[in-house]
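Residue numbers start from 1 in every chain, and the chains themselves are labelled A, B, ... in the order their sequence lines are given, proteins ahead of strands.
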Number of protein chains: 2
Amino acid sequence: MEEYKKILIAKGIKPTFQRIKILEYLSRNRTHPTVDMIYTALFKKVPTLSKTTVYNTLDILRENGLVDVLTITESEMRYEYCTEPHHHFLCRRCGRIIDLDVKCPYLEKMKFGEHKLEQIHGYFKGICKDCLEEAQ
Amino acid sequence: MEEYKKILIAKGIKPTFQRIKILEYLSRNRTHPTVDMIYTALFKKVPTLSKTTVYNTLDILRENGLVDVLTITESEMRYEYCTEPHHHFLCRRCGRIIDLDVKCPYLEKMKFGEHKLEQIHGYFKGICKDCLEEAQ
DNA sequence: ATACAAATTTAAAATCGTTACAAATTTGTA
DNA sequence: TACAAATTTGTAACGATTTTAAATTTGTAT
Ligand SMILES: [Mn+2]
Ligand SMILES: [Mn+2]
Ligand SMILES: [Zn+2]
Ligand SMILES: [Zn+2]
């Protein structure tokens, strides 16, 4: 609670209860949740919460570099607490999005050719280890 | 026309007029169009075309490995005629999606760790060369 | 050719994630 | 306490996609 309040203040974002809770949720749940997952989880604790606030807050957090957005699935956006750049694996069976420890030269240099590079997304898709085992 | 008819037949897909036209369009327009772009362009030539047919056909083409789908933007899917795997650059200024010639070891091996890897998407995002120049 | 079943196309409605909007509430300051 | 600004909220609008069922086309048996 206090920790996330400080983070918001450091970024010049007014640390409202909702913003703190959303940032805290993302920091504690490294599952790349959808907006609806965030909303549903927090609504239990904050029954006045509006989904619009989740959208608004995520936009603010994103603008301030506290949150990253993944376009890895075909229907909804995924959000994650911003850390070091890394790649992701999406399992088409269970839908989980798993952080990968991929050695990618571009991730560090953030430089490529003549274009101005701002983000790199590495999306690996297939069947995850657990689902493979489950199917024997 | 005949060329794409043959490709469809080779895949066991009934080569209807609409399917041929959609496949032909994707082969000739390597711009990673949206469904709406495909529909709007073809509607001029095929005024009876339905957007549902575009969706249906793209699904079939995708299932048969003739078309790839990109989830690079935040709102709609992008389609491309299937070629050798390659990465992409999305310009947030002009919206163009540019094919990249990135050396990626994973693209060739298609193997990574303990998961079963089926696809790799490399999405680079930023400002393209042309837009940079245009802004001096 | 004709009839009929299956496949395909089409148009319309439904769904769902996201955005726009305006009212209600909260916050900061005088 | 009063008031303006910022934030939150609920609702409506939007747009991409999916669902559904009717219309059309195709292939095949007669
Ligand atoms: Mn991650
Ligand atoms: Mn491409
Ligand atoms: Zn899985
Ligand atoms: Zn550009």
Query raised in the report: Run the side-chain contact (heavy atoms from CB on, under 4.5 Å) check on Arg96(B) and Asp130(B) step by step: do they pass?
Result: CA-CA 10 Å; Arg96(B) 267 195 311 160; Asp130(B) 292 353; 3.1 Å; yes
Query raised in the report: Going through the distances and angles, do Thr71(B) and Tyr123(A) end up as a side-chain hydrogen bond (donor to acceptor under 3.5 Å, both in side chains)?
Result: CA-CA 10 Å; Thr71(B) 61; Tyr123(A) 299 150; over 6 Å; no
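The phosphate of dT9(D) (OP1 or OP2) has a side-chain N or O of Thr48(A) nearer than 4.0 angstrom. For dT9(D), the OP1/OP2 oxygens have a side-chain nitrogen or oxygen of Thr53(A) closer than 4.0 Å. For dT25(D), the OP1/OP2 oxygens have no side-chain nitrogen or oxygen of Gln18(B) closer than 4.0 Å. Considering only side-chain N and O atoms, Thr16(B) lies nowhere under 4.0 angstrom from the phosphate OP1 or OP2 of dT26(D).
Nearest nucleotide to the side chain of Thr52(B), out of dT19(D), dG10(D), dT9(C): dT19(D). Nearest to the side-chain atoms of Arg19(A) among the listed nucleotides dT9(C), dT18(C), dT7(D) stands dT7(D). With distances taken from any side-chain atom of Asn56(B) to the nucleotides dT9(C), dT17(D), dG10(D), the minimum falls on dT9(C). Considering only side-chain atoms of Glu76(B), the nucleotide from dT18(C), dT8(D), dT17(D) that sits closest is dT17(D).
The nucleotide dG28(C) finds its pairing partner in dC3(D), both defining distances of the Watson-Crick or G-U wobble pair being shorter than 3.5 Å. With a 3.5 Å ceiling on both atom-pair distances, the Watson-Crick or G-U wobble partner of dA14(C) is dT17(D).
In this structure, Arg92(A) pairs ionically with Glu118(B), as a charged nitrogen and a carboxylate oxygen lie closer than 4.0 Å. With respect to Lys125(B) and Glu74(B), no salt bridge is recorded, no charged nitrogen being found less than 4.0 Å from a carboxylate O. Under the 4.0 Å criterion applied to side-chain N and carboxylate O atoms, Glu76(A) and Arg78(A) are assigned as salt-bridge partners.
When the C1' atom of dC16(C) is taken as reference, atom CG of Asp36(A) falls 10 Å away, rounded to whole Å. Between Tyr39(A) atom OH and dT18(C) atom P there is a gap of 15 Å when expressed in whole angstrom units. A straight line from CD1 of Ile60(A) to C1' of dA6(D) spans 10 Å, rounded to a whole angstrom. Residue Ile13(A) contributes atom CD1, which lies 11 Å from atom P of dT8(D) at whole-angstrom precision. If you take CD1 of Ile20(A) and C1' of dT8(D), they are 15 Å apart, rounded to a whole angstrom. Nucleotide dT27(C) holds its P atom 15 Å from the CG atom of Leu8(A), rounded to whole Å. Between Phe17(A) atom CZ and dT9(D) atom C1' the separation is 16 Å, expressed in whole Å. The interatomic distance linking Met37(A) (CE) with dC16(C) (C1') rounds to 14 Å, in whole Å.
Nearest-nucleotide assignment on DNA chain C puts the 5′-proximal partner with Lys14(B), out of Leu49(B) and Lys14(B).
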